[in-house]
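These notes are about the structure you will find just below.
For the numbers below, each heavy atom of this structure counts, side chains included, while hydrogens, waters and symmetry mates do not. Remember, predicted model here, so these are calculated numbers, not experimental data. Sequential numbering from 1 along the given sequence is applied to the chain's residues.
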Amino acid sequence: VQLQASGGGSVQTGDSLRLSCRTSGITLANYGAAWFRQAPGKGREKVACLSSSGGSTKYDEAVKGRFTVSKDNAKNTIYLQMNNMRVEDTAVYYCAADYGGTCSGPYFGMLHFASWGPGTQVTVSS
């Protein structure tokens, strides 16, 4: 499994940004998809998750109502639309995929995910 996140950048509070995650080596239709982030000095935390069927989503309380996770199975790409961004959204964002994933359990059920890519930096300033 290889995942490459992109689309990060520097924005101001209230702005929007869309992250993309290109996957290879998997059939994304069979995988749940998730986004995580790691701010300076903090551990990696869960952000959003979409089940493999596409019928279920879960979001961390900090981003609920502002972020939307989606995937395009034909393009093998996962997306994270981020609206009304805040300074506290500043972090390196990573994507992950889980075979048959349902987004259940701690860390969206991806505690053992190991194929982290380099992530993409998102910086929000006031």
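Taking 4.5 Å as the limit, every side-chain heavy atom of V47 sits out of range of all side-chain heavy atoms of Y59.
Note that CG of L80 is 10.5 Å distant from SG of C21, once rounded to the nearest 0.5 Å. Atom CG in D15 sits 9.5 Å away from atom CG in N84 (nearest 0.5 Å). Here the straight-line distance linking atom OG1 of T23 with atom CG of N76 works out to 4.0 Å at 0.5 Å rounding. Separating the CG atom in L50 from the OG1 atom in T57 is a distance of 7.0 Å, to the nearest 0.5 Å. Summarising the geometry, atom CG belonging to L3 is positioned 9.0 Å from atom CH2 belonging to W116; distances are rounded to the nearest 0.5 Å. Separating the OH atom in Y107 from the CZ atom in R44 is a distance of 5.5 Å, to the nearest 0.5 Å.
When every heavy atom of Q4 is checked against every heavy atom of P118, the shortest pair comes out as NE2-CG, 3.9 Å. The two residues I78 and A33 make their nearest non-hydrogen contact at CD1-CB, 3.5 Å. For M110 against C49, the heavy-atom pair with the smallest separation is CE-SG, 4.3 Å. Closest of all the heavy-atom pairs between A5 and C95 is CB-SG, 4.1 Å.
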(message) side-chain contact (heavy atoms from CB on, under 4.5 Å), that's the test. Do L19 and T120 meet it? Break it down for me.
(response) CA-CA 8 Å; L19 305 183; T120 187; 4.0 Å; yes
(message) For a side chain to side chain donor-acceptor pair (under 3.5 Å) check, start with the C-alpha distance between S16 and N83, then their side-chain angles and the critical distance, and finish with the verdict.
(response) CA-CA 4 Å; S16 298; N83 298 329; 3.0 Å; yes
(message) The test is ring-ring contact (aromatic ring centres under 6.0 Å, His included); show your working for F113 and F36 and say whether it passes.
(response) CA-CA 11 Å; F113 182 78; F36 297 81; 7.8 Å; no
(request) Please step through side-chain contact (heavy atoms from CB on, under 4.5 Å) for the pair V124 and Q12, ending with a clear verdict. (result) CA-CA 5 Å; V124 186; Q12 294 188 321; 5.9 Å; no
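For R66, the salt bridge (charged side-chain N to carboxylate O under 4.0 Å, His left out) partners at least two apart in sequence or on another chain are D89.
Under the 3.5 Å distance criterion, the side-chain polar atoms of T90 are left unmatched by any main-chain donor or acceptor of T123. With hydrogens and angles disregarded, a donor-acceptor distance shorter than 3.5 Å links the side chain of K71 to the backbone of L28. The main-chain N or O of S51 is never found under 3.5 Å from a side-chain atom of S53 such that the two would form a donor-acceptor pair.
Side-chain rings of F67 and W35 stay apart, their centers remaining 6.0 Å or farther from each other.
Here salt bridge (Lys or Arg N to Asp or Glu O under 4.0 Å) pairs that include residues 50-64, with residues two or more places apart or in two chains, are K46-D60, E61-K64.
Environment of CD in Q121: crowded, with over 12 heavy atoms of neighbouring residues, nucleotides or ligands closer than 6.0 Å.
Judged by a 6.0 Å distance limit and a 45° cone about the ring axis, R37 is not positioned over the six-membered ring of Y94.
Residues M82 and Y79 do not share a hydrophobic cluster, clusters being chains of Ile/Leu/Val/Met/Phe/Trp/Tyr side chains in contact below 4.5 Å. Transitive grouping of hydrophobic side chains (ILVMFWY, heavy atoms separated by less than 4.5 Å) keeps V63 and V87 in distinct clusters.
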